[in-house]
Amino acid sequence: MTEPALYVYAVAPDRPGAADGVTGVDGHPLRLLAAPGTGLAALVHDAEPVPYQGPDEDVRRRVAEQDRAVVAVWERTGALLPMTFNVLVAPDPSPRDPRTAEERLRDWLTSRAAGLRSRLEALDGRAELRVEITVDRTESARDDERARALEAEMESRSPGLRRLLAKQLEQLRRESSERLADAIHADVRRRLLAVAEDMRERSRGVRDPGEADVLSAALLVRTEDIEAVGTVLAAVRDEQPAARIRFLGPWPPYTFADLPDGPREPAAPERA
Amino acid sequence: MKPTRDPRVTLDDLVEVLLNKGAVLHLDLIVSVADIPLIGVSLRAAIAGMETMLEYGMLRRWDEDTRAWAERSTGRRELELRAGERHVVHMRGGHLLEDGFQTTWRPGTVHLTDRRLVVLRREPREVLWETELAEVRAVRPETERTIGGEQRTRLRVVLADGRQTLLSCTEPERLRALLAGTCPGPLETSPVGPAAGTGDGRTVLEGHLWYHEPRRDGPLWRGGQGRLTPDGLMWKSPLDSRPALVLPADDITAVRTEPGGSPAGGGTVITVETASQGPVTLTADEPGRWAGALDSLRGAAPLPSA
């Protein structure tokens, strides 16, 4: 028989009942595994010690299920440290000192308790928001006189010359949108940082050649300030007709859950 | 505007974040499944790039890939740290060996700790080059064109005793900024010669500059690259995608230096009064030079943009 492993979703404050009725990946019921004396618990389901794998569609569905479960518990506890996908704790079968998955996970929570607690406190009542801003290259050169002149000239020219002018126009739009993107970035960053507690910029995946990336960032925001972020973005949208804005969340603090690097606490029961 | 949680809109982003971030546990609790270390995919995904994985439908293979990567990378931080020494960053790179007989690039990994800068080769293991950070006096980017026509930036590291070496690394700007933030003494980080690195001839002054970025809970000193042209000042952190500060020349109303706590080690900060965003605080290894150049923009008629 395979020894049971634990699939871990998050570290949360130990609030009995916070996981009641919540189901996770593949419909598994969730439970809180408390580490006595620490005030901490891990949000887990009982699993086989085998990671999830499969076609992309299954992965996407499971990610959505994991997110839904973490959000449900996060809304009850007000803070948690979410795990990445496929974090499994298996039993340690070493004959000298065999330990169950539960014991290993409890030991880990206990050994890192102070760091985990202070991170949880820092994130309590905060949510992650995603902001993505791009500018439309055509739109951002709309007021550029040289762009307008080129457009007018193209109307009356031969196809060969038109191609040349089209190249110039594209270059002009590119420069103009880059300048605009730099200016909006500096301005939006400053306005968002007046509201958000932390901001991490990230490189953006999919690129539309007709747009210039302005800002792609994760914000850490107090829940009562989420509306204020919306107000900043609405103002940017109204001031900048070329700007396209995506605004996602509120999410558990996925991007801000990392613990500072550092040695474990000296009191840690190091059992290797 | 209101944020959306609609999975039809957010699922791609969630997939990315759950494979890249939210990572706490696996960082130090490596779990053994059938004697193979199983770790979260986040570290590997961060390296391979989620875009590639999603684009080529590689998610189905991630577990095998993750295991293979875990085995390859167990020696990733093979630099032996001294007691209390802290790892800051490492990246692929190398150093140029110039010993009088030969000039050869020796590839390895560039490790920055809070005390040392080390180029290490793993197999056969050898410390190719190292210095104490306290000895470092200057880190200057040098840009050259490769045979393929691509621009490549190297870092020239100058030590207190006058010795110098050329390092290559995958993220020279990041390493330079981190060195500037980590080296205990004042560090010169400006490129040599006028307008190096930009090439458009309009740069008045360019180099490492600290920006006191205003934040909700109080301003934060951030290290980055400042570039002054007749149009104004731009400041960009290596961690941001675009400049966090854009000061048009005609927005600057006054420039002064004043005493203040500065992360550069000196006791002088530069205050730039602006019409549109109030006072902006900066500092540099040579605050006087930056203040003078900034002040000379003020009042000078801005050049028409080319």
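Chain letters run A, B, ... following the sequence lines, proteins first and then strands; every chain starts at 1.
- With B:Asp6 contributing its side chain and B:Arg8 its backbone, the two residues share a donor-acceptor pair below 3.5 Å.
- When heavy atoms are compared at a cutoff of 4.5 Å, A:Leu129 approaches chain B solely by way of its side chain, counted from C-beta outward.
- A donor-acceptor pair is defined here as one N or O able to donate and one able to accept, closer than 3.5 Å; no such pair exists between the side chain of A:Trp251 and the backbone of A:Ala127.
- A:Glu201 contributes a side-chain N or O that, together with a main-chain N or O of B:Ser241, makes up a donor-acceptor pair within less than 3.5 Å.
- Counting heavy-atom pairs closer than 4.5 Å to chain B, the top-ranked of the candidates A:Gly249, A:Ala217, A:Gly230, A:Ala234 is A:Gly249.
- When side chains are defined from C-beta on, A:Leu40 counts as touching A:Arg117, because their heavy atoms get closer than 4.5 Å.
- Of the atoms belonging to A:Ala64, heavy atoms from both backbone and side chain fall under 4.5 Å from chain B.
- Nearest heavy-atom pair, A:Val232 versus A:Val195, reported as atom, atom and distance to 0.1 Å: CG2-CG2, 4.3 Å.
- Residue contact with chain A, scored on non-hydrogen atoms closer than 4.5 Å, involves the backbone of B:Leu245 exclusively.
- Ring geometry for B:Trp221 against B:Trp210 counts as perpendicular: the plane angle is over 60°, on a 0 to 90° scale with 30° as the lower cut.
- With a 4.5 angstrom heavy-atom cutoff, A:Val71 touches chain B only via side-chain atoms.
- Contacts between A:Glu178 and chain B at a heavy-atom distance below 4.5 Å involve backbone atoms as well as side-chain atoms.
- With chain B as the partner, the residue from A:Leu233, A:Ile226, A:Val131, A:Val214 showing the most heavy-atom pairs under 4.5 Å is A:Val214.
- Within the 4.5 angstrom heavy-atom criterion, only side-chain atoms of A:Asp225, from C-beta onward, approach chain B.
- Heavy-atom distances place no part of A:Arg61 under 4.5 Å from chain B, backbone and side chain included.
- When the candidates B:Asp217, B:Leu11, B:Val246 are compared by the number of heavy-atom contacts under 4.5 Å with chain A, B:Leu11 comes out ahead.
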Between A:Tyr7 and A:Tyr9, does a ring pair (Phe, Tyr, Trp, His ring centres under 6.0 Å) hold up when you go through it step by step? CA-CA 7 Å; A:Tyr7 185 97; A:Tyr9 292 77; 5.2 Å; yes

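- Between the B:Arg242 side chain and the A:Asp213 main chain, a donor and an acceptor come within less than 3.5 Å of each other.
- When the candidates A:Pro252, A:Ala10, A:Pro250, A:Ala196 are compared by the number of heavy-atom contacts under 4.5 Å with chain B, A:Pro250 comes out ahead.
- Panel note: side chain A:Glu103, backbone A:Thr100; a donor-acceptor pair is recorded below 3.5 Å.
- Residue B:Asp13 touches chain A through both its backbone and its side chain, counting heavy-atom pairs closer than 4.5 Å.
- The parts of A:Ile245 that come within reach of chain B are both its backbone and its side chain, each placing non-hydrogen atoms under 4.5 angstrom from that chain.
- B:Gln277 is listed as a side-chain neighbour of B:Val280, based on a closest heavy-atom distance under 4.5 Å.
- Residue contact with chain A, scored on non-hydrogen atoms closer than 4.5 Å, involves the backbone and the side chain of B:Asp240 alike.
- For a residue to count as touching a neighbouring chain, one of its non-hydrogen atoms must lie under 4.5 Å from one of that chain's; by this rule B:Pro243 touches chain A with backbone and side chain alike.
- Both the backbone and the side chain of A:Ala181 come within contact range of chain B, with heavy atoms under 4.5 Å apart.
- In plain terms, the two heavy atoms of A:Phe247 and B:Lys2 that are nearest each other are CD2-C, 3.6 Å.
- Heavy-atom distances place the side chain of A:Arg237, and not its backbone, under 4.5 Å from chain B.
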